Each structure stands twice: as C-alpha cells, then as structure tokens.
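A quick note: this is a predicted structure, and the numbers were derived from the prediction, not measured.
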Amino acid sequence: MQEEEKYQKLKDIIKIYLPEDVTITDVEKNSHFMNNLNINSANLVDIVLDVEDAFDIRLENDDMDQMQTVNDAMAIIDAKLKEK
C-alpha cells in the first residue's frame with residue numbers, strides 16, 4: 001500500500017469523528033488529534049479501533065499513548081504493517 005493511499009484511508013477514518021467546527025481540509029499530517037482537530041479521547045479510541053480494522057493490525061496501549069498526531073498514527077501503522 002502506497003503512503004498516499006494509507007494517508008487517505010486514515011483521513012477517511014478521522015473524518016467520521018471530526019466535530020462540527022473542524023473539516024476534513026483541516027486534517028494535515030502534523031495535525032494533533034486533540035489540540036488541532038478537537039477530537040476527544042473517546043473518539044480517539046474509536047479511531048484506533050477503526051484503524052485496527054481498516055489496516056488489519058493490532059494496536060497496544062503504548063501505541064495509543066504515542067498516537068498524538070496524524071504523522072504518529074502513520075508511523076505506527078507503517079511499523080505494524082512491517083511486523084506482519
């Protein structure tokens with residue numbers, strides 16, 4: 001899977017959980033989930049679960065703690081896909 005394809009897939013997941021005051025165009029690779037995108041911790045857990053399903057990977061609690069930005073999520077997804 002190409003990098004841009006993974007990024008788009010991740011954005012499609014994030015889009016579902018964005019609050020009304022944030023649009024998909026606000027999502028950038030350096031966007032912080034809570035600070036920039038106003039995603040609350042409950043929705044962040046939902047994003048993690050959707051990422052697991054979409055990419056067929058398993059994320060541990062440590063991974064979730066490290067997933068602060070879209071770039072962090074991309075790096076974790078890449079690492080987990082390489083482990084498969």
Side-chain angles (χ1 to χ4, degrees):
M1 184 180 296
Q2 297 297 321
E3 194 70 18
E4 195 55 39
E5 188 182 350
K6 278 187 275 191
Y7 179 54
Q8 191 56 52
K9 200 172 188 179
L10 181 59
K11 279 177 61 172
D12 289 343
I13 293 168
I14 294 167
K15 177 172 53 176
I16 299 166
Y17 301 101
L18 292 174
E20 290 179 11
D21 62 333
V22 181
T23 65
I24 192 63
T25 56
D26 296 322
V27 178
E28 297 176 356
K29 291 188 177 181
N30 63 347
S31 297
H32 190 281
F33 286 110
M34 292 182 173
N35 297 345
N36 301 127
L37 302 178
N38 298 333
I39 292 175
N40 65 35
S41 56
N43 283 345
L44 197 51
V45 170
D46 290 332
I47 289 172
V48 166
L49 295 173
D50 288 355
V51 163
E52 286 182 328
D53 289 343
F55 292 95
D56 192 28
I57 56 176
R58 180 88 181 105
L59 299 175
E60 305 302 328
N61 287 341
D62 287 348
D63 299 321
M64 288 185 249
D65 293 342
Q66 293 172 20
M67 204 167 87
Q68 302 293 312
T69 67
V70 175
N71 263 339
D72 293 342
M74 292 287 293
I76 292 166
I77 291 166
D78 286 343
K80 293 294 179 178
L81 288 174
K82 285 180 182 150
E83 288 175 10
K84 288 179 73 175

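No side-chain donor-acceptor contact under 3.5 Å links Lys6 to the backbone of Ile77. Checked by atom type and distance alone, the side chain of Lys84 pairs as donor or acceptor with a backbone atom of Asp56 at under 3.5 Å. A donor-acceptor distance shorter than 3.5 angstrom exists from the side chain of Asp63 to the backbone of Glu60, with no hydrogens or angles considered. A donor-acceptor pair under 3.5 Å is formed between the side chain of Asp72 and the backbone N or O of Gln68.
Remark: the Gln66 side chain and the Asp62 side chain contain no N/O donor-acceptor pair separated by less than 3.5 Å.
Scanning all heavy atoms of the two residues, the minimum distance from Leu44 to Met34 falls at CD2-CE, 4.0 Å. The shortest non-hydrogen separation linking Ala54 to Ile13 is CB-CD1, 3.7 Å. The minimum heavy-atom distance between Leu10 and Ala73, with the atom names listed, is CD2-CB, 3.8 Å. Scanning all heavy atoms of the two residues, the minimum distance from Lys15 to Ile24 falls at CB-CD1, 3.6 Å. When all heavy atoms are compared, the tightest approach of Thr69 to Phe33 is O-CE1, 3.2 Å. Shown here for Met67 and Ile47, the closest heavy-atom pair between the two residues is CE-CG2, 4.3 Å.
In this structure, Glu3 CD and Met74 CE are separated by 4.0 Å, a value rounded to the nearest 0.5 Å. A distance of 8.0 Å separates OG1 of Thr25 from NZ of Lys11, quoted to the nearest 0.5 Å. Within the model, atoms CG of Asp26 and CD1 of Ile14 stand 12.0 Å from one another, a figure rounded to the nearest 0.5 Å.
Under the 4.5 Å side-chain contact rule for hydrophobic residues, Leu81 and Leu59 share a cluster. Hydrophobic clustering, with ILVMFWY side chains joined whenever heavy atoms are under 4.5 angstrom apart, keeps Leu49 apart from Leu37.
Geometrically, Lys29 engages Tyr7 in a cation-pi contact, judged by NZ or CZ lying under 6.0 Å from the ring centre and within 45° of the ring axis.
Open room surrounds CG on Asn61; 12 or fewer heavy atoms of other groups in view lie less than 6.0 Å from it.
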